[in-house]
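Input: a single structure, listed below in C-alpha coordinates.
These numbers come from the heavy atoms of this one structure, side chains and all, not from hydrogens, waters or symmetry mates. First the proteins, then the strands, lettered A, B, ... as listed; each starts at 1.
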Protein chains: 2
Amino acid sequence: MRIGELAARAGVSVRSLRYYEEQGLLTSTRSTSGQRHYTDRDVERVGFIQRMYAAGLSSRTILEVMPCVDAPSAETSDAAMERMVQERDRLTEHIAELVRTRDSLDRLIAVNRAHRKTLHKAPAA
Amino acid sequence: MRIGELAARAGVSVRSLRYYEEQGLLTSTRSTSGQRHYTDRDVERVGFIQRMYAAGLSSRTILEVMPCVDAPSAETSDAAMERMVQERDRLTEHIAELVRTRDSLDRLIAVNRAHRKTLHKAPAA
DNA sequence: CTAAAACCTGACACTGACGTCAGAGGCAAG
DNA sequence: CTTGCCTCTGACGTCAGTGTCAGGTTTTAG
(Lines give C-alpha, C1' and ligand atoms only; values in the text may rest on other atoms or scores of the structure.)
Protein backbone atom coordinates (compact mmCIF):
# COMPACT_ATOMS: atom_id res chain seq x y z
CA MET A 1 0.00 0.00 0.00
CA ARG A 2 1.08 3.62 -0.40
CA ILE A 3 1.67 6.15 2.32
CA GLY A 4 -1.81 7.65 2.32
CA GLU A 5 -3.47 4.32 2.95
CA LEU A 6 -1.04 3.41 5.71
CA ALA A 7 -1.69 6.77 7.34
CA ALA A 8 -5.44 6.21 7.20
CA ARG A 9 -5.21 2.66 8.51
CA ALA A 10 -2.83 3.51 11.32
CA GLY A 11 -4.61 6.71 12.18
CA VAL A 12 -1.63 9.00 11.81
CA SER A 13 -0.67 11.76 9.41
CA VAL A 14 1.37 11.24 6.26
CA ARG A 15 3.83 13.72 7.67
CA SER A 16 4.39 11.55 10.71
CA LEU A 17 5.12 8.47 8.63
CA ARG A 18 7.80 10.33 6.68
CA TYR A 19 9.21 11.54 9.96
CA TYR A 20 9.32 8.01 11.35
CA GLU A 21 11.25 6.92 8.31
CA GLU A 22 13.61 9.82 8.74
CA GLN A 23 14.20 8.66 12.30
CA GLY A 24 14.88 5.12 11.15
CA LEU A 25 11.80 3.70 12.82
CA LEU A 26 10.02 2.71 9.65
CA THR A 27 11.31 1.55 6.28
CA SER A 28 9.62 1.44 2.92
CA THR A 29 10.32 -0.02 -0.45
CA ARG A 30 10.36 2.56 -3.18
CA SER A 31 8.73 2.21 -6.58
CA THR A 32 10.82 3.26 -9.56
CA SER A 33 9.17 6.67 -9.38
CA GLY A 34 10.22 7.04 -5.79
CA GLN A 35 6.92 6.42 -4.05
CA ARG A 36 6.92 4.61 -0.72
CA HIS A 37 5.23 1.24 -0.45
CA TYR A 38 4.32 -0.57 2.73
CA THR A 39 3.05 -3.95 3.84
CA ASP A 40 0.21 -4.85 6.17
CA ARG A 41 2.71 -5.52 8.93
CA ASP A 42 3.67 -1.87 8.88
CA VAL A 43 0.23 -0.95 10.20
CA GLU A 44 1.03 -2.76 13.43
CA ARG A 45 4.50 -1.32 13.46
CA VAL A 46 3.18 2.23 13.30
CA GLY A 47 0.75 1.36 16.07
CA PHE A 48 3.65 0.20 18.19
CA ILE A 49 5.59 3.35 17.48
CA GLN A 50 2.61 5.47 18.45
CA ARG A 51 2.16 3.65 21.71
CA MET A 52 5.82 4.09 22.52
CA TYR A 53 5.52 7.81 21.87
CA ALA A 54 2.45 7.90 24.08
CA ALA A 55 4.45 6.12 26.78
CA GLY A 56 6.94 8.95 26.68
CA LEU A 57 9.77 7.35 24.73
CA SER A 58 11.71 9.50 22.30
CA SER A 59 12.42 8.55 18.70
CA ARG A 60 15.94 7.66 19.68
CA THR A 61 14.84 5.39 22.49
CA ILE A 62 12.24 3.66 20.34
CA LEU A 63 14.98 3.07 17.80
CA GLU A 64 17.09 1.45 20.48
CA VAL A 65 14.41 -1.05 21.45
CA MET A 66 13.37 -1.82 17.89
CA PRO A 67 15.74 -4.79 17.53
CA CYS A 68 13.48 -6.60 20.00
CA VAL A 69 10.53 -6.03 17.72
CA ASP A 70 12.32 -6.71 14.46
CA ALA A 71 14.16 -9.85 15.45
CA PRO A 72 12.43 -11.38 18.46
CA SER A 73 13.53 -14.75 17.21
CA ALA A 74 17.19 -13.94 16.81
CA GLU A 75 19.88 -13.03 19.27
CA THR A 76 18.38 -9.69 20.23
CA SER A 77 21.13 -7.34 21.15
CA ASP A 78 21.83 -7.09 24.84
CA ALA A 79 21.68 -3.32 24.65
CA ALA A 80 18.19 -3.41 23.15
CA MET A 81 16.93 -5.81 25.78
CA GLU A 82 18.47 -3.81 28.56
CA ARG A 83 16.93 -0.62 27.21
CA MET A 84 13.53 -2.24 26.92
CA VAL A 85 13.57 -3.52 30.48
CA GLN A 86 14.73 -0.11 31.62
CA GLU A 87 11.89 1.62 29.79
CA ARG A 88 9.39 -0.88 31.13
CA ASP A 89 10.54 -0.12 34.67
CA ARG A 90 10.47 3.60 34.03
CA LEU A 91 6.94 3.24 32.73
CA THR A 92 5.92 1.28 35.81
CA GLU A 93 7.25 4.03 38.02
CA HIS A 94 5.54 6.67 35.94
CA ILE A 95 2.23 4.83 36.17
CA ALA A 96 2.58 4.66 39.94
CA GLU A 97 3.19 8.38 40.05
CA LEU A 98 0.17 9.08 37.89
CA VAL A 99 -1.98 6.92 40.13
CA ARG A 100 -0.83 8.91 43.14
CA THR A 101 -1.62 12.11 41.29
CA ARG A 102 -5.05 10.85 40.37
CA ASP A 103 -5.70 9.90 43.97
CA SER A 104 -4.84 13.41 45.08
CA LEU A 105 -7.21 14.76 42.45
CA ASP A 106 -9.88 12.43 43.78
CA ARG A 107 -9.35 13.73 47.28
CA LEU A 108 -9.52 17.30 46.03
CA ILE A 109 -12.76 16.55 44.25
CA ALA A 110 -14.20 14.91 47.33
CA VAL A 111 -13.27 17.84 49.53
CA ASN A 112 -14.85 20.32 47.16
CA ARG A 113 -18.00 18.23 46.80
CA ALA A 114 -18.31 18.02 50.56
CA HIS A 115 -18.07 21.76 50.88
CA ARG A 116 -20.59 22.33 48.15
CA LYS A 117 -23.01 19.98 49.85
CA THR A 118 -22.46 21.79 53.14
CA LEU A 119 -23.19 25.09 51.49
CA HIS A 120 -26.24 23.49 49.95
CA LYS A 121 -25.50 25.19 46.68
CA ALA A 122 -25.55 28.62 48.22
CA PRO A 123 -25.14 31.42 45.67
CA ALA A 124 -21.86 33.23 45.27
CA ALA A 125 -21.06 35.79 47.93
CA MET B 1 11.59 33.20 51.61
CA ARG B 2 13.05 34.40 48.33
CA ILE B 3 12.87 32.68 44.98
CA GLY B 4 16.13 30.79 45.26
CA GLU B 5 15.12 29.09 48.47
CA LEU B 6 11.69 28.16 47.13
CA ALA B 7 13.33 26.71 44.05
CA ALA B 8 15.69 24.63 46.17
CA ARG B 9 12.94 23.43 48.50
CA ALA B 10 10.52 22.57 45.74
CA GLY B 11 13.19 21.07 43.54
CA VAL B 12 12.57 23.23 40.52
CA SER B 13 14.51 25.96 38.74
CA VAL B 14 14.19 29.64 39.45
CA ARG B 15 13.26 30.06 35.84
CA SER B 16 10.29 27.72 36.27
CA LEU B 17 8.97 29.67 39.23
CA ARG B 18 9.03 32.90 37.28
CA TYR B 19 7.29 31.10 34.44
CA TYR B 20 4.58 29.80 36.79
CA GLU B 21 3.96 33.33 37.98
CA GLU B 22 3.79 34.53 34.40
CA GLN B 23 1.15 31.87 33.77
CA GLY B 24 -0.83 32.96 36.81
CA LEU B 25 -0.23 29.73 38.70
CA LEU B 26 1.84 31.24 41.47
CA THR B 27 1.78 34.64 43.11
CA SER B 28 4.38 36.41 45.19
CA THR B 29 4.56 39.46 47.37
CA ARG B 30 7.20 41.90 46.25
CA SER B 31 9.64 43.71 48.48
CA THR B 32 10.10 47.42 47.83
CA SER B 33 13.10 46.56 45.70
CA GLY B 34 10.97 44.27 43.59
CA GLN B 35 12.15 40.92 44.89
CA ARG B 36 9.66 38.07 45.13
CA HIS B 37 8.82 36.62 48.52
CA TYR B 38 7.03 33.38 49.22
CA THR B 39 5.50 31.52 52.13
CA ASP B 40 5.94 27.91 53.22
CA ARG B 41 2.61 27.03 51.66
CA ASP B 42 4.01 27.89 48.27
CA VAL B 43 6.34 24.90 48.49
CA GLU B 44 3.33 22.59 48.41
CA ARG B 45 1.73 24.67 45.73
CA VAL B 46 4.73 24.31 43.46
CA GLY B 47 4.71 20.57 44.17
CA PHE B 48 1.09 20.42 43.09
CA ILE B 49 1.84 22.35 39.91
CA GLN B 50 4.69 19.99 39.09
CA ARG B 51 2.51 16.93 39.54
CA MET B 52 -0.14 18.42 37.31
CA TYR B 53 2.45 19.04 34.63
CA ALA B 54 3.69 15.48 35.04
CA ALA B 55 0.12 14.31 34.61
CA GLY B 56 0.02 16.01 31.23
CA LEU B 57 -1.97 19.12 32.07
CA SER B 58 -1.02 22.38 30.39
CA SER B 59 -0.49 25.65 32.23
CA ARG B 60 -3.87 26.81 31.04
CA THR B 61 -5.64 23.73 32.34
CA ILE B 62 -3.87 23.86 35.68
CA LEU B 63 -4.99 27.45 35.94
CA GLU B 64 -8.55 26.36 35.34
CA VAL B 65 -8.55 23.86 38.18
CA MET B 66 -6.70 26.10 40.62
CA PRO B 67 -9.88 27.55 42.15
CA CYS B 68 -10.45 24.10 43.68
CA VAL B 69 -7.06 24.31 45.37
CA ASP B 70 -7.28 27.94 46.37
CA ALA B 71 -10.77 27.96 47.75
CA PRO B 72 -11.79 24.41 48.62
CA SER B 73 -13.97 25.80 51.35
CA ALA B 74 -15.84 28.32 49.25
CA GLU B 75 -18.25 27.91 46.40
CA THR B 76 -15.72 26.54 43.96
CA SER B 77 -16.69 27.54 40.48
CA ASP B 78 -18.67 24.95 38.58
CA ALA B 79 -16.30 25.28 35.65
CA ALA B 80 -13.28 24.48 37.81
CA MET B 81 -14.92 21.42 39.32
CA GLU B 82 -16.07 20.22 35.95
CA ARG B 83 -12.60 20.66 34.55
CA MET B 84 -11.04 18.81 37.44
CA VAL B 85 -13.36 15.84 37.11
CA GLN B 86 -12.71 15.84 33.39
CA GLU B 87 -8.96 15.82 33.91
CA ARG B 88 -9.24 13.11 36.52
CA ASP B 89 -11.13 10.95 34.03
CA ARG B 90 -8.67 11.72 31.28
CA LEU B 91 -5.88 10.70 33.61
CA THR B 92 -7.64 7.45 34.45
CA GLU B 93 -7.93 6.64 30.77
CA HIS B 94 -4.31 7.57 30.17
CA ILE B 95 -3.17 5.33 33.01
CA ALA B 96 -5.14 2.45 31.53
CA GLU B 97 -3.48 3.02 28.19
CA LEU B 98 -0.04 3.10 29.77
CA VAL B 99 -0.76 -0.13 31.60
CA ARG B 100 -1.71 -1.77 28.32
CA THR B 101 1.48 -0.47 26.77
CA ARG B 102 3.53 -1.78 29.65
CA ASP B 103 1.86 -5.16 29.31
CA SER B 104 2.81 -5.31 25.67
CA LEU B 105 6.38 -4.42 26.62
CA ASP B 106 6.29 -7.21 29.18
CA ARG B 107 5.17 -9.67 26.56
CA LEU B 108 7.88 -8.49 24.19
CA ILE B 109 10.47 -8.94 26.91
CA ALA B 110 9.17 -12.41 27.71
CA VAL B 111 9.26 -13.46 24.07
CA ASN B 112 12.80 -12.24 23.66
CA ARG B 113 13.94 -13.91 26.86
CA ALA B 114 12.40 -17.17 25.74
CA HIS B 115 14.23 -17.05 22.46
CA ARG B 116 17.49 -16.24 24.14
CA LYS B 117 17.05 -19.19 26.43
CA THR B 118 16.25 -21.42 23.47
CA LEU B 119 19.37 -20.30 21.70
CA HIS B 120 21.23 -20.95 24.91
CA LYS B 121 23.08 -17.71 24.53
CA ALA B 122 24.48 -18.67 21.16
CA PRO B 123 26.97 -16.14 19.79
CA ALA B 124 25.96 -13.72 17.08
CA ALA B 125 25.78 -15.11 13.57
C1' DC C 1 -6.03 13.16 -22.99
C1' DT C 2 -6.86 15.70 -19.03
C1' DA C 3 -8.11 17.01 -14.53
C1' DA C 4 -8.03 15.66 -9.89
C1' DA C 5 -5.90 13.46 -6.33
C1' DA C 6 -1.94 11.52 -4.29
C1' DC C 7 2.90 11.59 -3.82
C1' DC C 8 7.77 13.58 -3.69
C1' DT C 9 11.60 16.72 -1.36
C1' DG C 10 12.81 20.58 1.22
C1' DA C 11 12.12 23.97 4.32
C1' DC C 12 10.08 26.93 7.51
C1' DA C 13 6.40 27.52 11.46
C1' DC C 14 4.56 26.20 15.69
C1' DT C 15 3.80 24.84 20.52
C1' DG C 16 5.15 24.80 25.49
C1' DA C 17 7.97 24.43 29.27
C1' DC C 18 11.88 25.63 30.04
C1' DG C 19 17.59 27.08 29.48
C1' DT C 20 20.50 30.76 29.07
C1' DC C 21 22.53 35.14 28.46
C1' DA C 22 22.86 40.27 29.05
C1' DG C 23 22.81 44.18 31.71
C1' DA C 24 21.40 46.25 35.98
C1' DG C 25 20.25 46.47 40.75
C1' DG C 26 19.91 44.50 45.80
C1' DC C 27 21.95 42.68 50.11
C1' DA C 28 24.80 40.41 53.81
C1' DA C 29 29.90 39.70 55.20
C1' DG C 30 34.57 41.15 55.71
C1' DC D 1 33.34 50.19 50.59
C1' DT D 2 33.62 46.32 48.00
C1' DT D 3 33.39 41.64 46.96
C1' DG D 4 30.31 38.11 45.78
C1' DC D 5 26.01 36.08 45.48
C1' DC D 6 21.14 36.64 44.67
C1' DT D 7 17.56 38.81 42.15
C1' DC D 8 15.33 41.59 38.48
C1' DT D 9 13.43 42.15 33.39
C1' DG D 10 13.61 41.04 28.73
C1' DA D 11 14.66 38.42 25.04
C1' DC D 12 16.29 34.83 22.31
C1' DG D 13 17.50 29.62 22.02
C1' DT D 14 16.09 24.70 22.40
C1' DC D 15 13.82 20.35 21.60
C1' DA D 16 10.65 17.10 19.32
C1' DG D 17 6.92 15.90 16.93
C1' DT D 18 4.07 17.66 13.67
C1' DG D 19 1.58 21.25 10.49
C1' DT D 20 1.96 23.50 6.36
C1' DC D 21 3.39 25.52 2.17
C1' DA D 22 5.90 25.56 -2.34
C1' DG D 23 6.92 23.64 -6.57
C1' DG D 24 7.18 19.57 -9.06
C1' DT D 25 6.11 14.43 -10.54
C1' DT D 26 3.05 10.33 -10.58
C1' DT D 27 -1.05 7.84 -10.48
C1' DT D 28 -5.92 7.36 -11.12
C1' DA D 29 -10.62 8.33 -12.80
C1' DG D 30 -13.50 9.90 -16.38
Stem ranges for DNA chain C, with three or more consecutive Watson-Crick or G-U pairs under 3.5 Å? C:1-30 with D:1-30

Hey, is CZ on A:Arg30 packed in by over 12 heavy atoms from elsewhere, all under 6.0 Å? yes

Donor-acceptor pair, A:Asp89 side chain versus A:Gln86 backbone, under 3.5 Å? no

From CD of A:Glu21 across to C1' of D:dT18 the rounded distance in Å is 16 Å

Write down the distance between OH (B:Tyr19) and P (D:dG10), rounded to a whole number of angstrom.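 Going from OH in B:Tyr19 over to P in D:dG10 covers 17 Å.
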
Ordered by number, residues from residues 42-57 of chain B within less than 4.0 Å of DNA chain C (heavy atoms) are B:Tyr53

List for me each residue that meets side chain to side chain donor-acceptor pair (under 3.5 Å) alongside [X], sequence neighbours excluded, and say none if there are none.
X: B:Arg9; result: B:Glu5, B:Asp40
X: B:Arg45; result: B:Asp70
X: A:Arg2; result: A:Gln35
X: B:Ser77; result: none

Rounded to the nearest 0.5 Å, how far does CD of A:Gln23 lie from CD1 of A:Ile49? 10.5 Å

Rounded to the nearest 0.5 Å, what separates atom CZ in B:Arg15 from atom CD1 in B:Ile3? 10.0 Å

Scan A:Arg30 against the nucleic acid and name what it touches under 4.0 Å (heavy atoms): base, sugar-phosphate only, or nothing.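 Counting heavy atoms under 4.0 Å across all strands, the contact made by A:Arg30 is with sugar-phosphate only.
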
At 4.0 Å (heavy atoms only), tell me whether A:Ser59 reaches a base, stays on the sugar-phosphate, or touches nothing.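 Answer is sugar-phosphate: A:Ser59 comes under 4.0 Å of backbone atoms only.
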
Presence of A:Ser16 side-chain N/O under 4.0 Å of D:dT18 phosphate oxygens OP1/OP2: yes

Side-chain donor-acceptor distances from residues 96-105 of chain A under 3.5 Å, at least two apart:
{"from": "A:Thr101", "atom 1": "OG1", "to": "A:Glu97", "atom 2": "O", "distance (Å)": "3.1"}
{"from": "A:Arg102", "atom 1": "NH1", "to": "B:Thr92", "atom 2": "OG1", "distance (Å)": "3.3"}
{"from": "A:Ser104", "atom 1": "OG", "to": "A:Thr101", "atom 2": "O", "distance (Å)": "2.7"}

DNA chain C: 5'-most and 3'-most nucleotides touching chain B, 4.0 angstrom heavy-atom criterion: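 That gives a stretch of C:dA17 to C:dC27.
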
What residues form a side chain to side chain contact (heavy atoms under 4.5 Å, CB included) with A:Leu63, not counting sequence neighbours?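 With sequence neighbours excluded, A:Leu63 shows a side chain to side chain contact (heavy atoms under 4.5 Å, CB included) to A:Leu25, given in chain and number order.
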
A:Gln50: what forms a side chain to side chain contact (heavy atoms under 4.5 Å, CB included) with it, not counting sequence neighbours? A:Val12, A:Tyr20, A:Val46, A:Tyr53

Could you list all the ring-ring contact (aromatic ring centres under 6.0 Å, His included) pairs where at least one residue sits in residues 61-102 of chain B, not counting sequence neighbours? none

Do the side chains of B:Arg18 and B:Glu21 get close enough for a salt bridge, i.e. N-O under 4.0 angstrom? no

Between the protein and nucleotides 5-7 of chain D, which nitrogen or oxygen pairs come in under 3.5 angstrom?
{"from": "D:dT7", "atom 1": "OP1", "to": "B:Gly4", "atom 2": "N", "distance (Å)": "2.5"}

